[in-house]
2 protein chains.
Amino acid sequence: MVGIDEVAAAAGVSTATVSRAIRGLPRVSPTTRAKILATAKELGYVPSSAATRLATGKTHTIGVLAPYVDRWFFGKAIAGVDDELHGKGYNLSLFHLGGRTEPRERLFSRSMVHKQIDAILLLCMYLHPEEIEDLQAIEMPLIVIGGPVPGCPNVGIDDYRAARATTEHLIGLGHRHIALLHGQDDSDLNFSVPKIRVEGFHDAVHEAGLELDPDAAFYGNFTVQSGIEAMARFLEMPEPRPTAMVCASDEMALGALFEARRRGLNVPKDLSIVGIDGHEMGAAAGLTTVWQDPMAQARRGTQMLLAELAGEAGAVHSEIAEQRLVVRETTGPPRA
Amino acid sequence: MVGIDEVAAAAGVSTATVSRAIRGLPRVSPTTRAKILATAKELGYVPSSAATRLATGKTHTIGVLAPYVDRWFFGKAIAGVDDELHGKGYNLSLFHLGGRTEPRERLFSRSMVHKQIDAILLLCMYLHPEEIEDLQAIEMPLIVIGGPVPGCPNVGIDDYRAARATTEHLIGLGHRHIALLHGQDDSDLNFSVPKIRVEGFHDAVHEAGLELDPDAAFYGNFTVQSGIEAMARFLEMPEPRPTAMVCASDEMALGALFEARRRGLNVPKDLSIVGIDGHEMGAAAGLTTVWQDPMAQARRGTQMLLAELAGEAGAVHSEIAEQRLVVRETTGPPRA
DNA sequence: CTGAAAGCGCTAACAC
DNA sequence: GTGTTAGCGCTTTCAG
């Protein structure tokens with residue numbers, strides 16, 4: 001493995017000059033710089049990142065903490081981070097933390113990222129109190145994408161508004177009895193997204209002068225499968241059943257939609273279904289939803305991190321992301 | 001940042017002993033080891049990975065090269081790699097290489113992973129000839145997951161057999177005129193998966209004594225959207241149209257399925273549709289497919305890499321992964 | 001079983 | 001502009 005000293009020797013200069021030349025620093029004459037670059041390429045020299053890290057203390061890699069990588073929101077977000085890192089000389093280190101079930105396979109702790117990354121981008125997830133504490137105490141730029149984490153800046157949509165939008169859309173269509181499929185369970189005390197979405201739903205229902213039907217509240221875990229199961233339970237309800245269902249994610253909504261149709265329901269005539277997210281599959285299936293763009297959110301967060309690392313103090317801050325109700329074919333007026 | 005020397009001083013031993021104790025190496029008395037571990041924890045000592053890398057030459061991170069992270073196969077595979085790395089003290093560095101369109105945003109080159117990773121896991125994708133060359137010349141364990149890359153060991157399903165299985169299933173159902181939605185285009189010379197799947201289809205058709213209909217061959221890029229578009233083109237064909245369509249991926253098949261139903265077709269009565277992959281959404285939508293498990297494949301590949309790194313020469317080798325035809329509701333006999 | 005000391009390959013003052 | 005010289009924090013012979 002050719003090192004900086006070999007390049008220096010071959011070019012007839014010192015290692016310090018090679019270092020400057022290669023990193024494009026000033027104080028190197030154009031001539032020598034050219035010569036150094038040439039011999040470096042000729043020798044196939046690539047700086048040792050380990051040595052650079054040790055010497056500078058910078059790793060030039062940003063860490064992404066995610067509970068899942070094989071789900072829509074997270075996949076899109078990770079892609080967004082990478083897009084932004086492209087060509088900027090930064091690496092992306094992925095820390096999969098395991099789902100929100102307990103016991104979690106891997107907990108976050110400061111030591112797991114200690115000196116391994118320059119900044120951290122956290123993808124919305126359930127955190128244990130100790131983890132939040134460790135996170136807040138961490139000595140590097142941090143942004144969370146998706147859901148608010150107490151005490152940490154985040155970029156994401158206004159989940160309350162999103163949930164209200166879906167609910168009000170249904171109410172506007174004439175629905176008076178609306179079921180809810182959300183992703184919250186009792187262990188979610190520190191994962192606020194599901195809770196916030198539920199509040200938006202509740203408030204919209206109440207403000208329309210309608211009643212909440214506790215029997216029409218179903219729980220899922222944001223997967224397609226859980227949507228299927230929820231629909232099965234829904235169909236066991238005695239008639240008259242709710243005429244619409246709002247789901248806390250497109251993946252659950254799609255599961256519910258497929259299952260409803262398989263059981264012979266006509267969506268939207270027998271039942272309106274609406275999701276939240278903007279999943280491609282939802283667009284294909286004609287699902288009404290509140291669209292959001294996790295890739296853009298992640299990109300924005302990464303930009304902030306990079307800016308902060310570049311010395312721009314205060315670059316990292318909370319920001320509300322774009323969202324939009326997209327009415328498609330799974331919602332309509334209730335049967336007369 | 002507390003370093004090894006502070007621990008050494010506090011424990012009244014040398015840094016060498018601390019190093020041995022912490023890494024669990026022999027030649028340290030139980031007593032001193034216990035003491036060292038205790039003071040290390042007390043001081044909150046975490047070894048500097050940069051220093052360790054420099055000193056040992058090992059990075060303890062494996063690099064994952066992927067063209068996408070927000071698609072089913074790739075998301076699952078990345079999750080699988082991470083699962084396997086969990087708790088083994090290895091990090092996962094993600095290198096997003098950009099899609100297979102030209103010009104590719106980021107090309108692979110040896111220098112981009114130089115000294116940054118110990119081994120590389122490549123997720124099936126289109127590669128340029130120079131990239132393959134660089135890949136093969138690379139001086140570290142390498143495995144590709146998914147599709148064969150010339151000259152590199154891989155774990156993945158037998159794509160030829162998978163394509164044949166879908167086609168023979170349709171033929172067995174009585175279909176005589178079958179459309180094909182594949183993912184190949186002219187730039188795919190080095191990405192063999194689509195081509196192999198097409199061959200399986202062709203061979204199955206020919207061996208059944210049927211004719212290939214060149215007008216019934218559609219091109220997609222493995223996305224849902226491209227499935228929708230392909231179905232739109234399919235529906236422009238003059239009658240009598242093919243009575244079945246085999247798609248090279250579930251994502252395309254689902255797009256085609258949704259679009260067909262939206263246009264009023266009864267699937268499977270008017271048209272049978274089959275995919276390849278085993279996407280959750282396909283299960284929910286009742287899509288017939290050839291199931292495969294990219295997460296398991298990636299896990300297997302990662303195990304091989306880790307074994308090889310652990311000194312087990314020859315641990316990395318090609319392996320055929322499990323697959324299975326899953327007949328669900330989108331295929332049936334053609335209308336009489 | 002333990003310690004001293006020489007690196008690992010590069011960067012960063014500081015001289016020249 | 002360019003070279004010298006210390007480190008960065010850990011690992012690793014090699015003595016003891």
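We name chains A, B, ... by the order of the sequence lines, and we start the count at 1 in each one. Just so it is clear, the model here is predicted, and its values are computed rather than measured.
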Nearest-nucleotide pick for B/Tyr45, side chain only, options being C/dA5, C/dT11, D/dC10: D/dC10
From C/dC10, C/dC14, C/dT2, nucleotide with atom closest to A/Arg27 side chain: C/dC14
Distance in angstrom units between A/Arg33 CZ and D/dG3 C1', rounded: 16 Å
d(CD, B/Glu6; P, D/dC8) in whole Å: 12 Å
Sugar-phosphate only, base, or nothing, as touched by A/Val13 at under 4.0 Å among non-hydrogen atoms: sugar-phosphate
Ionic contact status for A/Lys58 with A/Asp118, cut-off 4.0 Å: no
For A/Leu121, the option from A/Leu65, A/Leu142, A/Val144, A/Ile145 that meets side chain to side chain contact (heavy atoms under 4.5 Å, CB included): A/Ile145
Atom pair distance, as rounded to whole Å: CD in A/Gln116 and P in D/dC10: 13 Å
Six-ring centre of B/Tyr68, B/Arg71 cation under 6.0 angstrom, axis tolerance 45°: yes
Length of the NZ-C1' vector between B/Lys115 and C/dC8, whole Å: 9 Å
Spatial distance of atom CZ (B/Arg20) from atom OG (B/Ser14) [nearest 0.5 Å]: 6.0 Å
Phosphate OP1/OP2 of D/dC10 contacted by B/Ser48 side-chain N/O (<4.0 Å): no
Nucleotide nearest B/Val28 when distance is taken to its side chain, options C/dC10, D/dC10, C/dT2: C/dT2
side-chain N/O A/Ser14 vs D/dG3 OP1/OP2, d < 4.0 Å: yes
Of the listed nucleotides C/dG9, D/dT2, D/dC10, the one nearest the side chain of A/Thr17: D/dT2
Nearest-angstrom distance from the residue atom CD1 of B/Ile36 to P of D/dT11: 12 Å
Nucleotide nearest A/Arg20 (side chain, heavy atoms from C-beta), chosen from D/dG9, C/dC14, D/dT11: C/dC14
B/Leu25 CG - D/dT11 P separation (whole Å): 9 Å
Distance below 4.0 Å between B/Arg23 side-chain N/O and D/dT12 OP1 or OP2: yes
Side chain to side chain, B/His317 and B/Pro153, heavy atoms closer than 4.5 Å: no
Between D/dC10 (P) and B/Asp5 (CG): distance, integer Å: 7 Å
Pairwise side-chain contact, A/Ile4 with A/Ser19, heavy-atom cut-off 4.5 Å (strictly under): yes
Phosphate-side-chain proximity, A/Thr15 and D/dG3, N/O vs OP1/OP2 below 4.0 Å: no
Euclidean distance, atom CD1 of residue B/Ile22 to atom P of D/dT12 [Å, nearest integer]: 14 Å
5'-most by nearest nucleotide on DNA chain C - B/Pro30 or A/Thr52: B/Pro30
Among C/dG3, D/dT11, C/dC1, the nucleotide that comes nearest once only the side chain of B/Ser29 is considered: C/dC1
Nearest-neighbour nucleotide for the B/Ala16 side chain, D/dT12, D/dT11, C/dA12 considered: D/dT12
Nearest listed nucleotide, side chain of A/Leu54, among D/dC8, C/dC10, D/dC10: D/dC8
Phosphate OP1/OP2 of C/dT11: any A/Ser19 side-chain N/O under 4.0 Å: yes
